[in-house]
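What follows is a short report on a single structure.
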Amino acid sequence: MPPPDTTIDALLRGTAAVYTRDELAARLAKASAARRPLRVKLGLDPSSPDIHLGHTVVLGLMRRFQDLGHVAVLIIGDYTARIGDPTGKSKTRPMLTEQEIDANAQTYLEQATRVLDPDPSRLEVRRNSEWLSKLTFADTIRLASHMTVARMLERDTFDKRYKAGQPISVHEFLYPLMQGWDSVCIRADVELGGTDQTFNNLVGRDFQIANEQPPQIVITMPILRGLDGQEKMSKSLGNYIGVTESADEMFGKTMSIPDHLMAEWFTLCTTAPAGEIEALCDAQRTHPRQAKERLGREIVNRFHGPEAAERAAQEFASRFREGNLPADLETHRLALECPGVLDLMREVGFAASNSEARRLVAQGGVSIDEQKISDPMLTVPLSADGIILRVGKRRICRIVRG
RNA sequence: GGGUAGGUACCGAAGCGGUCAAACGGGUCAGACUGUAAAUCUGAUGGCUUAAGCCUUCGGAGGUUCGAAUCCUCCCCUGCCCA
């Protein structure tokens with residue numbers, strides 16, 4: 001019995017491209033007939049230890065495969081991380097040491113299972129050093145012979161860098177080869193990735209064919225744009241929401257995205273049906289603030305549960321709409337009697353230097369006990385009750401003598 | 001190996017002997033407004049003291065000069081062209 005189309009549609013929700021859908025349908029049908037789960041590959045580059053919402057887009061698709069009974073094969077690219085994936089980079093990435101990679105891989109796994117089903121029968125975790133470290137130089141040359149320079153340069157990230165006159169090191173060309181070899185070694189049926197991985201993933205197909213394996217089906221997901229609404233979400237750009245962040249942070253950051261980004265986030269980060277998303281993102285039918293609030297709740301709910309989502313939404317409204325103090329006000333103890341405002345700001349980390357602190361005061365961004373201050377030389381008597389120091393909208397804390 | 005163009009603050013990019021802490025854009029931060037940490041507008045954006053002042057920055061190391069990001073020498077890194 002081939003799986004009905006509706007199953008495949010649900011599975012492919014939000015995907016950017018499938019190479020090819022017919023092959024996928026056939027492979028799914030064959031798997032179910034043979035009662036053999038598909039091996040679904042996803043490679044992760046542990047060059048940065050934290051998983052953010054952008055990663056969860058593809059992880060979510062992987063989870064849907066798991067839920068249908070297939071096996072997620074997560075490849076920690078510990079070996080490839082020594083090279084650095086050139087994808088989307090204007091510069092060659094730095095290589096990592098083994099210790100860094102190990103630590104990152106560990107964290108990665110912990111965080112990935114916040115989306116993936118950790119059941120060992122549904123999740124297989126491998127490191128590609130397992131097979132890549134055994135390749136001889138001769139093997140490597142043989143692999144390289146399957147690829148041509150022209151195809152390599154077609155790849156848009158190389159193409160752009162090349163045309164822009166930016167450096168490309170030869171070792172970066174090896175990255176797609178290694179990744180393709182991964183697919184052969186784990187006998188992948190399907191490989192998932194962001195659209196920026198299309199080239200790498202398709203190399204896997206070629207290598208598998210060359211090694212007399214059925215070629216993997218490649219499914220790509222759109223790249224999630226980050227908080228700025230322009231660039232792809234990434235740690236290095238700082239426009240991300242990490243899966244381990246607090247409920248309040250997740251909610252607040254979501255509220256800060258530009259309105260035009262909502263539809264994309266609803267589609268890629270929540271399970272809301274398409275019709276509903278359309279209604280939510282139509283300003284005529286739904287107030288944008290309400291839509292965004294809903295988005296924030298959905299996201300927090302996914303990682304912290306419904307109670308936390310509710311709390312975060314309320315806390316946000318209380319703090320930023322009504323201007324109240326945060327529920328859990330951070331308290332700093334200082335062993336000073338009568339410090340100046342500037343010192344206070346530096347002590348609690350609200351300003352990096354005296355000049356910066358002075359600037360903030362001059363700009364009217366600083367208040368003590370909700371009283372805006374204008375004199376940078378002001379001294380503040382500290383008592384046991386302490387004072388409330390506020391800088392801008394978001395930085396606020398209590399300071400007591402102690 | 002030869003030729004040639006470059007390396008400037010968080011990023012991009014001007015400046016090419018003093019008026020340069022260094023234009024401009026982005027980012028970030030603050031303020032106003034608001035629908036929110038949206039959008040828009042305004043301002044700030046090396047450090048120390050704030051009045052004037054002082055100190056550290058323009059790939060690295062030396063040098064010329066009263067004075068250099070700007071000139072010279074050597075070195076390191078990168079693009080392009082030729083071989």
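Naming: A, B, ... by sequence-line order, numbering from 1 per chain.
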Output one line per pair: protein atom, nucleotide atom from nucleotides 27-34 of chain B, and distance, for all N/O pairs under 3.5 Å.
residue, atom, partner, partner atom, Å
B/C29, O3', A/R395, NH2, 2.8
B/A30, OP1, A/R395, NH2, 3.1
B/A30, O2', A/Q363, O, 3.1

**Request:** Run the numbers on A/T254 and A/K292 for side-chain hydrogen bond (donor to acceptor under 3.5 Å, both in side chains), then give the verdict.
**Result:** CA-CA 7 Å; A/T254 303; A/K292 210 178 281 177; over 6 Å; no

**Request:** Can you measure from CG (A/L280) to CD (A/E293) and round to the nearest 0.5 angstrom?
**Result:** 12.0 Å

**Prompt:** Picking from A/E124, A/Q216, A/E191, what satisfies side chain to side chain donor-acceptor pair (under 3.5 Å) with A/R39?
**Reply:** A/E124

Polar pairs (N or O, both sides) under 3.5 Å between protein and nucleotides 39-41 of chain B?
none

**Request:** Please figure out whether A/N354 or A/M255 has its closest RNA chain B nucleotide nearer the 5' end.
**Result:** A/M255

**Request:** Fit a plane to each ring of A/H146 and A/F207, take the angle between them on a 0 to 90° scale, and name the class: parallel (under 30°), tilted (30 to 60°) or perpendicular (over 60°).
**Result:** tilted

**Complete:** The nucleotide from B/G79, B/A44, B/A37 with an atom nearest the side chain of A/E249 is B/A37

**Pairs where residues 242-251 of chain A contributes a residue and the test salt bridge (charged side-chain N to carboxylate O under 4.0 Å, His left out) is met, not counting sequence neighbours** = A/E245-A/K253

**Request:** Write down the distance between NE2 (A/H260) and C1' (B/A38), rounded to a whole number of angstrom.
**Result:** 9 Å

**Item:** CZ (A/R187) with more than 12 external heavy atoms under 6.0 Å
**Value:** no

**Asked** Any idea which of B/A37, B/U78, B/C80 is nearest the A/Y162 side chain?
**Response** B/C80

**Item:** Test item: side-chain donor near acceptor, A/N128 and A/W181, under 3.5 Å
**Value:** no

**Request:** Under 4.0 Å from any atom of RNA chain B, heavy atoms only: list the residues of residues 293-320 of chain A that qualify, in numerical order.
**Result:** A/F316, A/F320

**Asked** Judged by atom type as modelled, is there a donor-acceptor pair below 3.5 Å linking the side chain of A/Q66 to the main-chain atoms of A/R122?
**Response** yes

**Message:** Taking CZ in A/R285 as the centre, count heavy atoms belonging to other residues, nucleotides or ligands within less than 6.0 Å. Is the count above 12?
**Reply:** yes

**Prompt:** Does a side chain donor of either A/D182 or A/Q179 reach within less than 3.5 Å of an acceptor in the other side chain?
**Reply:** no

**Asked** Pairs counted as Watson-Crick or G-U wobble with both distances under 3.5 Å: what dot-bracket string results for RNA chain B, using | for bases tied to another strand?
**Response** ((((((((.[[[..)..(.....]]]((((((.......))))))(((....)))...[[[[[..)....]]]]]))))))).

**Request:** Return the residues of residues 374-381 of chain A meeting this criterion: a heavy atom under 4.0 Å from some atom of RNA chain B. Order them by number, or give none.
**Result:** A/M377

**Request:** From the options A/Q213, A/R36, A/H70, select the one residue that forms a side chain to side chain donor-acceptor pair (under 3.5 Å) with A/D189.
**Result:** A/R36

**Prompt:** What distance do A/E130 atom CD and A/I76 atom CD1 have between them, rounded to the nearest 0.5 Å?
**Reply:** 12.0 Å

**Request:** Indicate yes or no: at least one non-hydrogen side-chain atom of A/E298 is less than 4.5 angstrom from one of A/W265.
**Result:** no

**Request:** Whole angstrom is fine here: how far is it from CG in A/D248 over to C1' in B/U36?
**Result:** 14 Å

**Non-hydrogen side-chain atoms of A/L382 and A/C338 separated by less than 4.5 Å** = no

**Prompt:** Within 45° of the ring axis of A/F158 and under 6.0 Å from its six-membered ring centre, is that where the NZ or CZ of A/R155 lies?
**Reply:** yes

**Message:** Which nucleotide wins on minimum distance to the side chain of A/K292, given the candidates B/C80, B/U49, B/A38?
**Reply:** B/A38

